[in-house]
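Keep in mind that what you see is a predicted model, and the values were worked out from it rather than measured. So that the names make sense, note that chain A is the first sequence line, chain B the second, and so on, each numbered from 1.
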Protein chains: 2
Amino acid sequence: MAHSDTVDRILDAAEELFADRGFSETSLRMITSKAKVNLAAVNYHFGSKNALIHAVFARFLTPFSATLENAFDELEERCDGKPPTLNQTLWALTESAVRMPQRNEKGISIFMRLLGLAYTQSQGHLRKFLEQEYSEPFSRFMRLLKEATPQLSSVDRYWRIQFMLGATAFTMSSSDALRDILQNKLGVETTVQEIAARLVPFLAAGMQAEDAMLIPPAGSRVSVA
Amino acid sequence: MAHSDTVDRILDAAEELFADRGFSETSLRMITSKAKVNLAAVNYHFGSKNALIHAVFARFLTPFSATLENAFDELEERCDGKPPTLNQTLWALTESAVRMPQRNEKGISIFMRLLGLAYTQSQGHLRKFLEQEYSEPFSRFMRLLKEATPQLSSVDRYWRIQFMLGATAFTMSSSDALRDILQNKLGVETTVQEIAARLVPFLAAGMQAEDAMLIPPAGSRVSVA
DNA sequence: GTGCGCTTCAAACGTATGTTTCAAACAGAC
DNA sequence: GTCTGTTTGAAACATACGTTTGAAGCGCAC
């Protein structure tokens, strides 16, 4: 066979370990022993650890980016001419993520956690890779956001997009841990879909908040000893 | 002198390097050479790398937590009896952070970036340390949030707090980079105080959004090939 | 069978890490 | 000065890492 399943076993193991522990904290030896393949297989099939990281991202980001393009196409077509609303735009993104075909039951949360790590764990090579490979759907999303919030100044919009990104990446990147805590504390089960359903209204409301007040409300002074 | 300035030089260097590169990616040799002290000094004064990480956090978290307690005291006194509003609570937190005496001009953003890393870079020992040492102001903040948002269910509130935390930690943890981007793209200068001033209304609006809709709005279906 | 790609394997390489060691330098008390 | 406890210094230690090597194994055309 052209591609022994070694490649996929490595990708599966790497994906899960990266999501659990981060990139630097995951060694090739952990990956290859989890995948039950020889240590040298990673360098043979991928070339380097960094290239393996790229491959892990590419495996889900490439189909996701295609799905997202379709979702945006359909959305813009349905709105023919008029710019889609903020809610519609956010939902198009969310649904594209949630509806991606999953490799296993943890699929979507691994996906999210990796994206969070990609932003957070400042691996220069990764950021560069993602920007080069997936700039198009990203800027399209930005354009839609801009058209959906014409009332915001560029600066306000810029910062609020960062806030949205942060809330999403952070929550999703630790969604497993957060779900566990919730399960233990309140005895509530939660799916990633439900988290997303809670997140979108939060983001939309924040994005459309009244003008940022640049001065704290009267009487909120804090004494500093 | 009982404490040669070696200790502080190490803490200063470690703080900055951790904030720039994360914990695992910062070696003791980087720290000691930046601090211009001997490699063994870290283990002599702190015992281990993990203990150094704890010390870096304790150095700013301990005074901050005291400042925060004062701010909450004053806030509750001013409101005598009635629970403080969400905005007041968030501002009390924000101002306490912003008004902390700074060691240098980067003070507050290093502070924020480290907090972001603490949550993000899942170092078990760090999370445990922070929970043990600073649980009190944390749970007090949680109680204030609860009283300020009685309309929310526990589950909704839980998730929205995570969203707030994420937006804050993420934004602040990369605030230097984000400020630079903004400077280059739009030619706008920004201070951490201004970022905070934009963040608080965003968070408050998200926190008080209408009930999370658990079903996407009609007509937002996404075709999946 | 023989020969030829591709893949696997055990072992080693070079480097970097956190930590330890132990002698030298130092400060302050007597 | 001399002694004593603390701090610094250069060097080594053990371990872990990513990567490379070269032989062995494999499937398949001829």
Least distance between heavy atoms, A:A35 atom then A:A13 atom: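 Closest pair (atom of A:A35, atom of A:A13, distance): CB-CB, 3.8 Å.
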Pairing residues for B:T32 by the side chain to side chain contact (heavy atoms under 4.5 Å, CB included) criterion, not counting sequence neighbours: B:V37, B:L39, B:V42
Under 4.0 angstrom between [X] side-chain N/O and [N] OP1 or OP2:
X     : N      : value
A:N38 : C:dA10 : yes
B:T6  : D:dT8  : yes
A:H45 : C:dC6  : no

Contacts of type side chain to side chain donor-acceptor pair (under 3.5 Å), residue A:E69, not counting sequence neighbours: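 Counting only residues at least two positions away or on another chain, A:E69 forms a side chain to side chain donor-acceptor pair (under 3.5 Å) with A:R140.
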From CA spacing to verdict: side chain to side chain contact (heavy atoms under 4.5 Å, CB included), A:I53, A:H125: CA-CA 10 Å; A:I53 296 178; A:H125 68 96; 4.1 Å; yes
Rounded to whole angstroms, how far apart are [atom1] on [X] and [atom2] on [N]?
X      : N      : atom1 : atom2 : value
A:D5   : D:dC26 : CG    : P     : 16 Å
B:K36  : D:dG9  : NZ    : P     : 13 Å
B:H125 : C:dG18 : NE2   : C1'   : 13 Å

Between CG on residue B:L86 and CG on residue B:L152, distance to nearest 0.5 Å: 9.0 Å
Listed nucleotide nearest any side-chain atom of A:Y44, set D:dT7, D:dT21, C:dT7: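 Among D:dT7, D:dT21, C:dT7, the one nearest the side chain of A:Y44 is C:dT7.
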Sugar-phosphate, base or nothing in reach of A:A41, heavy atoms under 4.0 Å: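 No contact at all - A:A41 keeps every heavy atom at 4.0 Å or more from the nucleic acid.
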B:T171 and A:W159, any side-chain heavy atoms less than 4.5 Å apart: yes
Please write out the pairs of protein N or O atoms and N or O atoms of nucleotides 16-18 of chain D separated by less than 3.5 Å, giving the distance to one decimal.
residue	atom	partner	partner atom	Å
D:dC17	OP1	A:S27	OG	3.3
D:dG18	OP1	A:K49	NZ	2.8
D:dG18	OP2	A:L28	N	2.8
D:dG18	N7	A:R29	NH1	2.8
D:dG18	O6	A:R29	NH2	2.9

